[in-house]
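Hydrogens, waters and symmetry mates are skipped; everything else that's a heavy atom, side chains included, is used. Counting starts at 1 for both ligands and their atoms, following the listed order.
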Amino acid sequence: MIQRVDFDGPVILGAGLAGLTAALAAKTALVLSPTPLATGCSSAWAQGGLAAALAGDDTPSLHAADTIAAGAGLCDGDAVALLTREGPAAVRALAALGAPFDRKADGDFVLSLEAAHSKARVARVGGDGAGAAIMAAVIATVRATPTIEIRENARARRLLQDETGRVVGVLAQIDGELVEIRSPAVILATGGVGGLYAVTTTPTQVRGEGLGLAALAGAEIADPEFVQFHPTAIDLSAYGGRDPAPLATEALRGEGSILRNTDGRAFMTDYHPAKELAPRDVVARAIHAERAAGRGAFLDATTAVGAHFPHEFPAVFEACQSAGVDPRREMIPVTPAVHYHMGGVATDLDGRASLPGLYAAGECASTGVQGANRLASNSLLEAAVFGARAGRAAAAEKATGGEPVSLAPLPDLPDAAFQALRQAMSRDAGVIRDAAGLARLQAEIAALETAHGTCPPLVAARLIVDAALARQESRGGHYRADFPEKDVPARTFVTLDPVQACLRHAAE
Ligand code: SIN
């Protein structure tokens, strides 16, 4: 017997910055988090901060121009204009909640430069601790709001839909028990897809759950092939390994750290005039190429940061030290790692997905802001700006819809299969892709689906791979060795094949 709960407000799946900002904006909300708050979400791990036009010599339109240039032809201009216009207020709102942004003596924000920004505009906390500090402030506010209910150890097992397709709630597993939660709106804020890959900077629990749930419900998905690889995850494979891989923030390159190979050669001069501050996808491919050629890749911060490392970049310092690397004196071994998903559940500017009653915000959404390649430190900003918009819009939903047509939980993926998927995704849908590898990966995912059922992580992986195979060009984070040039800029919009959806329902 499945317990039923009726909730008169949005149910929010995920408790990163987007989810909790949405909850605060909605005022009344039920937040389901698979892990204890502040753990298991990428927001809390963010080292960079929020990019916003906060400096006197900066403007939202300059920030928008940089965002659009990084997005390689696929940004939605309206979404970018909105993000960059609302950005400064979003940063100040987080500061008002208690996020202790680094300040100058006169109270202005300390602003850092990151790659592909024309201005120093990244508001940071404690050097590289923005995510944890911002989340601590937001979590404290949420916990002090009696109309926001939080359930930890709670994850979605399917979206509930009535016979019209309207989303009418969620089937959740809370402390091991299935609960049917009925609500006027569901907001997906489940984060990205990093956990689908063997080398990622995100928590491994973040594995395309929202994307898969939405796609299986028939929602439109946008740009799933666009996965961003951070160039400088710390490669601890020679030091016993670490999964996920710790990040060496881009701000280290903003401070003048140099990428070198084993011979000590500063190799970025071979790849791009902006060298270490070239767009993220260019730097990631350069590092991939150096490593693939056996020359290795290292971040040399010994001169640019040196003795200041422990207090300027404490999180990176701790990660290096824990493996026996002293970044004050030694180069940091680096590797590209999955860091962010530009694609996601297609939404309008208020987070509305294509199905009535369904919203998405943050990394699992695709507002069109991030294009083919996200500009550094635009992700927490997007989570704050669009999370609030989604929360307000979802709170205004009153219709409750009809009875759910199915209460059957979607299948789970056993860990061994999940690990096999991660290896295969890194091998064939990574920094460099081609038709042969993607086709092989499609077959492996199909075999996993046959063996284990159509579960959200496999659906998310399939969406990425199918779209990567279909996009016969290279653009932003998507690079095809067999189609290295750009073609006509066009976003991808897909819904799951209705035949497959029918088969799935028939099998239940
Ligand atoms: C970083 O600090 O390098 C990451 C910033 C981001 O991904 O936005």
Answer yes or no for Ser377: is there a heavy-atom contact with ligand 1 below 4.0 Å?
yes

Tell me, please: is His230 in heavy-atom contact with ligand 1, that is, under 4.0 Å?
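In this structure, His230 qualifies as a contact of ligand 1 - some heavy atom is under 4.0 Å.
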
Show the atoms of ligand 1 that are less than 4.0 angstrom away from any heavy atom in [X].
| X | answer |
| --- | --- |
| Ala376 | 8 (O) |
| His339 | 4 (C), 6 (C), 7 (O) |
| Gly48 | 2 (O) |

To the nearest 0.5 Å, how far apart are OG1 in Thr190 and CG in Leu32?
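If I round to the nearest 0.5 Å, the distance is 12.0 Å.
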
Considering distance alone, does some N or O of Asn378 sit under 3.5 Å from an N or O of ligand 1?
no

Is there a polar contact, in the sense of an N or O pair closer than 3.5 Å, between Gln47 and ligand 1?
no

Taking 4.0 Å as the limit for heavy-atom contacts, which would you say applies to Arg280 with ligand 1: side chain only, backbone only, both, or neither?
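Only the side chain of Arg280 comes within reach of ligand 1.
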
Looking at atom 1 (C) of ligand 1, what's its closest protein heavy atom, distance included?
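Sorting protein heavy atoms by distance from atom 1 (C) of ligand 1 puts Thr249 OG1, 3.4 Å first.
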
On the six-membered ring of [Y], is [X] placed so that its NZ or CZ lies under 6.0 angstrom from the centre and within 45° of the ring axis?
| X | Y | result |
| --- | --- | --- |
| Arg422 | Phe418 | yes |
| Arg260 | Phe298 | no |
| Arg124 | Phe101 | no |

Indicate yes or no: does Glu86 engage Arg389 in a salt bridge with an N to O separation below 4.0 Å.
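Looking at Glu86 and Arg389, the cut-off is met.
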
Exam field: side chain Arg480 to backbone Leu469, donor-acceptor pair closer than 3.5 Å:
yes

His478 side chain to Arg433 side chain, donor-acceptor N/O pair below 3.5 angstrom:
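There is such a pair (donor and acceptor under 3.5 Å, judged by atom type) between the side chains of His478 and Arg433.
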
